[in-house]
Amino acid sequence: MDFLSFDKPAGVLVKTTLVDFPGIVAGSFFLKGCNLRCPYCYNKGLIDNSDSDDSLNSINDLFFHLEKRKAILHGIVISGGEPLLNPYTPFIIKKAKSLGYKIKLDTNGTLPYELEAFLQNSELKPDYIAMDIKTTPEKYATLLCNPKSKYIGNTNHFITSIKHSISLLSELPADQREFRTVLVPNLIDKETIIKIAEILPEDANWFFSQFRNQNCLNPDYNNITLFSDSQITALLETAKKYIKNSKLR
């Protein structure tokens, strides 16, 4: 089928990263397409297809890079967008594994059955998974869901899905998974931190990052005032009361 052509523009290749795969020198590939519309998303072009084809890489570009750099790189990060939705993801994992690469998968946690299928398949199981926790699950249906989705406004769907994904990752060793939260003022506060902490495993590695108010999917978010250093410290201290390994990245 044409949409699975490995020569078509499919995403953005980051040739080398020292920060996206803990302890591993890796490359990253950001695939197009996502089932959410997070207003603060800065991979805007991958979500709304506004990136020109000239700025995107094909799967063959990625495979060529992995072949060329296999003596230097040791891992590949598959991100997005939402890679569990993308038909290229299984092919990337199988190819990278055949070359001896470790696999890190980034996911938004709203697709637990797809996640479970990857975890149960030895050919597709990632070595490391990072799951985003964007706010409390109750808010996904109204603040983050794609308006065209059949799940728009379906709070129970997102609560169930997010908790299911967390449960699946909780069964993995702590050093094979992490949870990530971007500190977006409209989505995160002390009460939200507490509610999220209550559904995470106690041994979670929970990483926070500062919100970047630029190139946001919703332009209004470009004008949001960032949390101050003292506010971030207070939020982090709240998280640490519940999840010991909570850190600012």
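Residues: numbered from 1 along the sequence shown.
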**Request:** Sorted by first residue and then second, give each ring-ring contact (aromatic ring centres under 6.0 Å, His included) pair with at least one member in residues 216-249; sequence neighbours left out.
**Result:** none

**Request:** Go through the structure and list residues passing ring pair (Phe, Tyr, Trp, His ring centres under 6.0 Å) with Tyr151, not counting sequence neighbours.
**Result:** His157

**Complete:** Applied to residues 163-185, the ring-ring contact (aromatic ring centres under 6.0 Å, His included) test, sequence neighbours excluded, yields Tyr113-His164

**For His65, all residues meeting ring pair (Phe, Tyr, Trp, His ring centres under 6.0 Å), sequence neighbours excluded** = none

**Item:** side-chain contact (heavy atoms from CB on, under 4.5 Å) against Asn86, all qualifying residues, sequence neighbours excluded
**Value:** Leu31, Tyr88, Thr89

**Message:** I'd like to check the side chain to side chain donor-acceptor pair (under 3.5 Å) partners of Lys15; sequence neighbours left out, ordered by chain and number.
**Reply:** none

**Fill in**
Besides Phe207, the hydrophobic cluster formed by Ile, Leu, Val, Met, Phe, Trp and Tyr side chains linked at under 4.5 Å, directly or via other members, contains none

**Message:** Which residues pass the side chain to side chain donor-acceptor pair (under 3.5 Å) test with Thr238, not counting sequence neighbours?
**Reply:** none

**Any residue meeting side chain to side chain donor-acceptor pair (under 3.5 Å) with Gln231, in chain and number order, not counting sequence neighbours** = Ser228

**Fill in**
Across all chains, not counting sequence neighbours, the side-chain contact (heavy atoms from CB on, under 4.5 Å) partners of Arg180 are Lys104, Asp106, Ala130, Asp132, Glu178, Arg249

**Request:** Mind checking ring pair (Phe, Tyr, Trp, His ring centres under 6.0 Å) for Phe118 and listing every partner two or more places apart, or none if nothing turns up?
**Result:** none

**Prompt:** Got a sec, which residues hit side chain to side chain donor-acceptor pair (under 3.5 Å) with Asn222, two or more places apart in sequence or on another chain?
**Reply:** none

